[in-house]
Amino acid sequence: RKEVEQDPGPFNVPEGATVAFNCTYSNSASQSFFWYRQDCRKEPKLLMSVYSSGNEDGRFTAQLNRASQYISLLIRDSKLSDSATYLCVVLSGGYNKLIFGAGTRLAVHP
Amino acid sequence: ETGVTQSPTHLIKTRGQQVTLRCSSQSGHNTVSWYQQALGQGPQFIFQYYREEENGRGNFPPRFSGLQFPNYSSELNVNALELDDSALYLCASSSQKETQYFGPGTRLLVL
């Protein structure tokens, strides 16, 4: 079993749609959680950290359920510019090792 | 931009050759982590350097080695290249356990 698992996608949605990505992680001792965005042939960039209380950044909302070891990302009012691969990431304890899911590709069309 | 730079941007090698990839960390950061991203996969942790010492290693063979210099820049060396080493190699700099910022990557193709 992979340490971080995500919906494989791709998700093809029209502009204005709401889309949700899910992710599960296997290490219950994991402390920090993130969503990264990666554009085609570019490096991953931090989209947002994920906190137990849930957090929002504009059209983006992230949720964490520690009991279920489940992380989600909700994107409201999708824009063409949201088209990218979204990576669910967990920080492994001890040293600063990021464990990435395989990513979910989002394509927003007009 | 993150201020993390990598060189070269692209590289083509043949099986059995050796390669050195370079990373300059963001000013003020003392930690560099290296990741390998195969096509269609998420990045996989190779190793991390903190203040010139290896500070953790992923599931990669010893032919993957690295260095960190006093200015915190870093090198990734891969010996005896194999076809499966073809990937995007990413370095990320951070200040110890703070947020990691990725460089643009080096795309390596092994023929």
Side-chain angles (χ1 to χ4, degrees), chain A residues 1-11 21-27 29-51 55 57 62 71 73 84-107, chain B residues 1-7 9-10 21 23 25-26 29-51 53-60 68 72 74 87-109:
Chain A
R1 182 186 171 190
K2 292 183 179 179
E3 291 186 77
V4 179
E5 299 205 58
Q6 295 184 240
D7 291 342
F11 284 54
F21 301 138
N22 303 313
C23 167
T24 57
Y25 60 96
S26 61
N27 185 353
S30 300
Q31 293 296 313
S32 300
F33 309 89
F34 311 92
W35 284 99
Y36 275 71
R37 170 195 168 126
Q38 187 171 27
D39 293 296
C40 188
R41 303 182 75 80
K42 298 285 190 179
E43 72 274 23
K45 293 185 178 178
L46 179 65
L47 179 66
M48 57 197 303
S49 300
V50 188
Y51 304 112
N55 48 300
D57 182 3
I71 306 163
L73 176 68
T85 296
Y86 290 83
L87 297 158
C88 177
V89 186
V90 172
L91 185 71
S92 175
Y95 49 90
N96 211 16
K97 167 185 172 182
L98 296 178
I99 303 172
F100 287 80
T104 303
R105 192 157 57 89
L106 171 66
Chain B
E1 297 301 322
T2 64
V4 182
T5 60
Q6 290 187 243
S7 62
T9 56
H10 296 81
L21 310 182
C23 173
S25 58
Q26 188 176 121
H29 287 178
N30 54 20
T31 303
V32 172
S33 304
W34 286 92
Y35 295 82
Q36 180 197 65
Q37 186 174 22
L39 199 61
Q41 300 297 316
Q44 299 294 310
F45 177 77
I46 303 175
F47 44 54
Q48 180 181 95
Y49 280 84
Y50 170 63
R51 293 189 175 179
E53 297 286 332
E54 187 178 289
N55 186 42
R57 189 177 183 92
N59 189 26
F60 281 81
Q68 188 177 34
Y72 303 129
S74 178
L88 177 67
Y89 288 84
L90 296 158
C91 80
S93 85
S94 60
S95 179
Q96 251 185 304
K97 294 191 176 183
E98 299 300 316
T99 301
Q100 296 187 24
Y101 295 93
F102 285 85
T106 293
R107 200 164 294 277
L108 173 65
L109 177 61

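Every chain is numbered from 1 and lettered A, B, ... according to where its sequence line falls, protein lines coming before strand lines. In this text the structure is predicted, and so the values were computed from the model without any measurement.
In terms of heavy-atom pairs under 4.5 angstrom with chain A, the leader among B/G103, B/G58, B/S33, B/S94 is B/G103. Across A/G101, A/S32, A/C88, A/P44, the residue that shares the most heavy-atom pairs under 4.5 angstrom with chain B is A/P44.
Contact annotation for A/Y36: only side-chain heavy atoms (C-beta onward) come within less than 4.5 Å of a heavy atom of chain B. With a 4.5 Å cut-off on non-hydrogen atoms, A/R41 touches chain B through its backbone and its side chain both. Only the side chain of A/L46 comes within contact range of chain B, with heavy atoms under 4.5 Å apart. Within the 4.5 angstrom heavy-atom criterion, no atom of B/F47 approaches chain A. For B/T99, the part sitting under 4.5 Å from any heavy atom of chain A is the side chain, from C-beta outward, and nothing else.
The number of heavy atoms from other shown groups lying within 6.0 Å of CZ (B/R107) is above 12.
Scanning both residues, B/Y35 and A/L98, for their nearest heavy atoms gives OH-N, 3.1 Å. Closest heavy-atom contact between A/K97 and B/Q100: N-NE2, 4.4 Å. Between A/E43 and B/L90 the shortest heavy-atom distance is CB-CD2, 3.9 Å.
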Side chain to side chain donor-acceptor pair (under 3.5 Å) between A/Q38 and B/Q37: does it pass, once the steps are laid out? CA-CA 12 Å; A/Q38 187 171 27; B/Q37 186 174 22; 2.8 Å; yes
